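Note: hydrogens, waters and symmetry copies are ignored here, and every other heavy atom, side chains too, is used. Here the structure is a predicted model, which is why all the values come from computation and not from measurement.
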2 protein chains.
Amino acid sequence: MQDKEITIYDLAERLNISATTVSRGLQDHPAINKKTKKRIFDLATELGYRSNKFASNLRKQKTNTIGVIVPRLNSLFMSSVLSGIEKIVNNAGYNLIISQSFEQEAKEKTNTTTMFNSRVDGLIVSLASDTQDFSHFDTFIKKNIPVIFFDRIAESIQSTKVLIDNFKAGYKATEHLIEQGCKEILHITGNTARNVYMDRFEGYKKALSDHNIPYDPTLFISNDLTEQAVQDSLLNDVLKRDKLPDGLFITNDSSAAFALTILKEAGLKVPEDIAIVGFNNDLISKVTEPAITTINYPGNEMGENIARILINHLDGEGDLSFTSTVILNTELIVRASSQRKK
Amino acid sequence: MQDKEITIYDLAERLNISATTVSRGLQDHPAINKKTKKRIFDLATELGYRSNKFASNLRKQKTNTIGVIVPRLNSLFMSSVLSGIEKIVNNAGYNLIISQSFEQEAKEKTNTTTMFNSRVDGLIVSLASDTQDFSHFDTFIKKNIPVIFFDRIAESIQSTKVLIDNFKAGYKATEHLIEQGCKEILHITGNTARNVYMDRFEGYKKALSDHNIPYDPTLFISNDLTEQAVQDSLLNDVLKRDKLPDGLFITNDSSAAFALTILKEAGLKVPEDIAIVGFNNDLISKVTEPAITTINYPGNEMGENIARILINHLDGEGDLSFTSTVILNTELIVRASSQRKK
DNA sequence: AAAATTAATGCAACCGATTGCAATTTTATA
DNA sequence: TATAAAATTGCAATCGGTTGCATTAATTTT
């Protein structure tokens with residue numbers, strides 16, 4: 001700490017003007033003379049002045065900070081979303097505070113409190129898989145601090161949501177498998193307490209019924225989609241059945257890739273014996289043998305959308321209703337893992 | 001903003017004590033009577049008091065915030081590192097501000113300034129691939145704000161560094177290929193201005209020379225390791241040669257996986273025609289056919305290490321020399337993509 | 001019971017920027 | 001040149017905690 005921090009008072013003193021004028025000059029306030037502004041800016045750069053955000057925040061009651069809480073940072077989808085958010089938010093002059101819930105409601109609550117105490121101007125959330133109670137967001141709602149949910153949303157909370165049409169995506173994936181001749185379609189997915197998994201599941205069921213295939217509950221597996229869980233399900237359950245399924249719809253690509261290797265090891269041919277559809281369109285789905293059919297889920301785009309909505313709200317009047325739901329497009333990307341026909 | 005924010009003055013007034021006592025009580029100051037503390041805490045929770053960090057930071061000149069600048073968020077390695085950092089830092093009561101340089105020196109400089117102005121207590125950096133000049137970190141050094149570099153480090157800067165032994169890793173990867181009988185080993189890597197790539201390259205060369213294989217510059221390709229770049233290099237250069245290489249050491253797993261698919265499409269057999277070694281041990285290397293031999297690079301562990309070092313420094317006395325270099329262990333994970341013998 | 005300690009509490013200044021309103025200076029108008 | 005209008009600038013209070021030093025209250029010691 002050799003050199004003291006320069007304040008507007010230092011600038012004011014050297015320029016023989018008031019701190020008020022310096023403050024206004026620095027903010028490009030229209031009432032300040034251009035020459036004065038120039039003198040202020042010049043001296044400021046010369047002395048290496050930097051504004052003290054805390055004094056400013058304290059006074060303005062605004063932090064220019066946006067909080068993000070996600071279940072886990074280390075998935076490609078999440079980091080794409082974050083990358084998109086960061087880009088927009090940063091350009092708009094906001095900072096990002098990021099934390100992860102590790103899929104636990106308790107941690108999510110703590111993080112939410114921390115964010116609240118950090119007085120973020122807005123909060124972006126994708127819910128932990130086991131979050132049942134949403135009261136920790138009440139403080140935000142009550143204070144009119146905007147909260148945007150994405151991907152893993154809470155239906156019951158009145159606020160802006162950005163997501164894809166999971167029902168449709170699930171429907172399309174399943175229908176595709178049916179069209180490829182699958183009759184016994186296994187569905188492996190996450191905790192259906194979460195909309196993303198529930199909706200895909202509903203889409204799956206609807207596609208089945210629309211094609212007159214009865215829904216078989218034993219072909220539905222819900223777990224946490226970790227490597228371990230996928231492996232256990234396949235080895236200890238699926239592969240021990242008398243009749244093996246001929247299709248698999250599994251709701252993320254790394255799990256799909258992992259499942260693929262296990263099934264191949266077990267001697268099954270993909271797609272001949274079992275056709276596979278994943279979800280997300282991560283790079284991983286492109287490099288397996290065969291490449292995996294998947295649903296394109298544009299994380300980066302989603303992140304940018306979320307950030308834009310939030311920034312507009314924050315920088316705009318803020319009176320607009322803040323409870324829209326944005327649905328992003330997804331598409332089925334057909335690759336070899338599911339192509340049995342033609 | 002229906003309900004006003006509660007301040008220590010509100011608490012003080014209702015309890016008929018001074019704000020000083022409230023402040024001290026809240027901080028568990030030893031000079032405050034236990035009963036008084038209890039009364040303070042009780043009322044605080046009752047009224048939903050939350051400390052104003054800005055007032056506090058302003059006065060204490062400390063922010064409890066740590067900045068992180070990385071080239072890109074959306075890689076599995078990076079997000080694992082971040083996940084590790086976030087975990088430790090969060091437990092220690094610090095916040096994380098994250099931004100990405102998108103591999104550009106200019107953006108890195110801007111981000112650094114923003115971090116500086118946000119008055120982060122510490123900075124964690126992995127350099128952009130094209131950063132040549134490091135003067136933007138001078139302000140931190142001058143002010144004694146700790147900066148930790150990881151993975152992509154700057155040799156010339158005097159500060160703590162956390163990384164792996166890239167030379168050794170490169171050596172091991174190459175030696176392994178040699179042991180599998182490879183004679184013409186192609187090396188595809190990133191910008192060698194960065195230590196990580198340079199050191200691996202040096203390791204590669206040393207392994208060659210130790211095994212009496214002359215280094216062939218035409219077998220060395222340096223690009224930005226994007227899908228496009230890898231594809232271009234392979235299709236327009238490598239695959240057009242008279243004599244194809246019989247080994248490939250490529251310095252990240254997604255590129256390796258991608259290269260694998262291209263080579264297979266070109267009709268080459270892996271590992272028979274060409275043996276492949278990647279880098280990082282991402283999931284992707286496990287699910288390709290054949291699975292890819294790689295170097296295990298523990299991102300999460302690295303993140304936790306970085307964070308611990310920084311926190312210790314910040315919470316400790318801070319007089320300790322802050323210029324150690326931490327080298328994490330890596331190991332070669334042999335998989336089918338390189339196994340030609342035995 | 002007076003004097004000396006020790007325990008608790010409070011005063012008041014401070015951190016650095018912001019802003020409503022008033023004051024002053026400059027420029028335009030009569 | 002006097003006066004109104006516009007352009008600049010500054011005063012002083014404010015945001016909400018923190019902290020050195022002083023003061024008061026409670027305990028001990030003599």
Item to complete: Would you sort out whether A:T63 and A:D121 count as a side-chain hydrogen bond (donor to acceptor under 3.5 Å, both in side chains), showing the intermediate values?
Response: CA-CA 6 Å; A:T63 64; A:D121 291 333; 3.2 Å; yes
Worksheet item: What distance do A:L15 atom CG and A:D10 atom CG have between them, rounded to the nearest 0.5 Å?
Response: 10.5 Å
Discussion item. Please give me the minimum heavy-atom distance between A:S101 and A:A128, naming the atom from each residue.
Written reply: OG-CB, 3.5 Å
Item to complete: Run the numbers on A:L127 and A:E108 for side chain to side chain contact (heavy atoms under 4.5 Å, CB included), then give the verdict.
Response: CA-CA 8 Å; A:L127 292 168; A:E108 183 177 292; 3.3 Å; yes
Worksheet item: Given B:E155 and B:R194, is the salt bridge (charged side-chain N to carboxylate O under 4.0 Å, His left out) satisfied, shown in steps?
Response: CA-CA 10 Å; B:E155 300 283 4; B:R194 279 287 78 78; over 6 Å; no
Practice prompt. Go through the side-chain N and O atoms of B:Q27 and B:S23 and say whether any donor and acceptor fall under 3.5 Å apart.
Written response: yes
Item to complete: From the options B:V125, B:T113, B:N111, B:T131, select the one residue that forms a side chain to side chain contact (heavy atoms under 4.5 Å, CB included) with B:H136.
Response: B:T131
Fill in: N-O pairing of B:R152 and B:E103 below 4.0 Å
yes
Worksheet entry | Sorted by number, the residues of residues 8-17 of chain A with heavy-atom contact under 4.0 Å to DNA chain C | A:I8, A:Y9
Worksheet item: Using rotation axes that map the C1' atoms of four end pairs onto the next four (five pairs an end), what angle separates the end axes of the helix from C:dA1-D:dT30 to C:dA30-D:dT1, to 10°?
Response: 40°
Worksheet item: In terms of the nearest nucleotide of DNA chain C, which residue is placed more toward the 5' end: B:V22 or B:R59?
Response: B:V22
So which protein nitrogen or oxygen atoms get under 3.5 Å of nucleotides 23-27 of chain D's nitrogens or oxygens?
none

Discussion item. Counting the benzene-type ring for Trp, do A:F137 and A:F149 have ring centres under 6.0 Å apart?
Written reply: yes
Practice prompt. Determine, stepwise, if the pair A:R39 / A:E46 fulfils salt bridge (charged side-chain N to carboxylate O under 4.0 Å, His left out).
Written response: CA-CA 10 Å; A:R39 290 174 58 219; A:E46 185 193 331; over 6 Å; no
Discussion item. If the condition is ring pair (Phe, Tyr, Trp, His ring centres under 6.0 Å), which residues does B:F140 pass it with, not counting sequence neighbours?
Written reply: B:F116
Discussion item. Any donor-acceptor pair, under 3.5 Å, between the side chain of B:T20 and the base of D:dT19, if you only look at N and O atoms?
Written reply: yes
Worksheet item: Cut-off 3.5 Å, side chains only: do A:T7 and A:N52 have a donor facing an acceptor?
Response: no
Worksheet item: For DNA chain C, what residues of residues 26-45 of chain B have any heavy atom nearer than 4.0 Å?
Response: B:A31, B:I32, B:N33, B:T36
Item to complete: Please say which of A:I66, A:V89, A:I309, A:N64 ends up in a side chain to side chain contact (heavy atoms under 4.5 Å, CB included) with A:L314.
Response: A:I66
Worksheet item: Please give, in whole Å, the distance from D:dT19 P to B:K60 NZ?
Response: 7 Å
Discussion item. OP1 or OP2 of D:dG16 versus the side-chain N and O atoms of A:Q61: is any pair under 4.0 Å?
Written reply: yes
Fill in: Range on DNA chain C touched by chain B - first to last nucleotide, heavy-atom distance under 4.0 Å
C:dA8 to C:dG16
Worksheet entry | Distance, rounded to the nearest Å, where B:N52 contributes CG and D:dG16 contributes C1' | 5 Å
Worksheet item: A:S23 near the nucleic acid: base, sugar-phosphate alone, or nothing, with a heavy-atom cut-off under 4.0 Å?
Response: base
Practice prompt. Report the C-alpha distance between A:I327 and A:T325 in whole Å, list the side-chain angles of each, state the deciding distance to 0.1 Å, and finish with yes or no for side chain to side chain contact (heavy atoms under 4.5 Å, CB included).
Written response: CA-CA 6 Å; A:I327 310 274; A:T325 295; 4.0 Å; yes
Worksheet entry | Check against side-chain hydrogen bond (donor to acceptor under 3.5 Å, both in side chains), A:Q61 and A:N57 | CA-CA 5 Å; A:Q61 305 284 38; A:N57 287 341; over 6 Å; no
Discussion item. Categorize B:R119 for me: base, sugar-phosphate, or nothing, with a 4.0 angstrom heavy-atom threshold over every strand shown.
Written reply: nothing
Fill in: Any donor-acceptor N/O pair under 3.5 Å between D:dG20 base and B:R24 side chain
yes
Worksheet item: Without hydrogens or angle criteria, can the side chains of A:S80 and A:S83 be said to hold a donor-acceptor pair below 3.5 Å?
Response: no
Practice prompt. Can you tell me the distance, in whole Å, between the CG atom of B:L58 and the P atom of D:dG17?
Written response: 12 Å
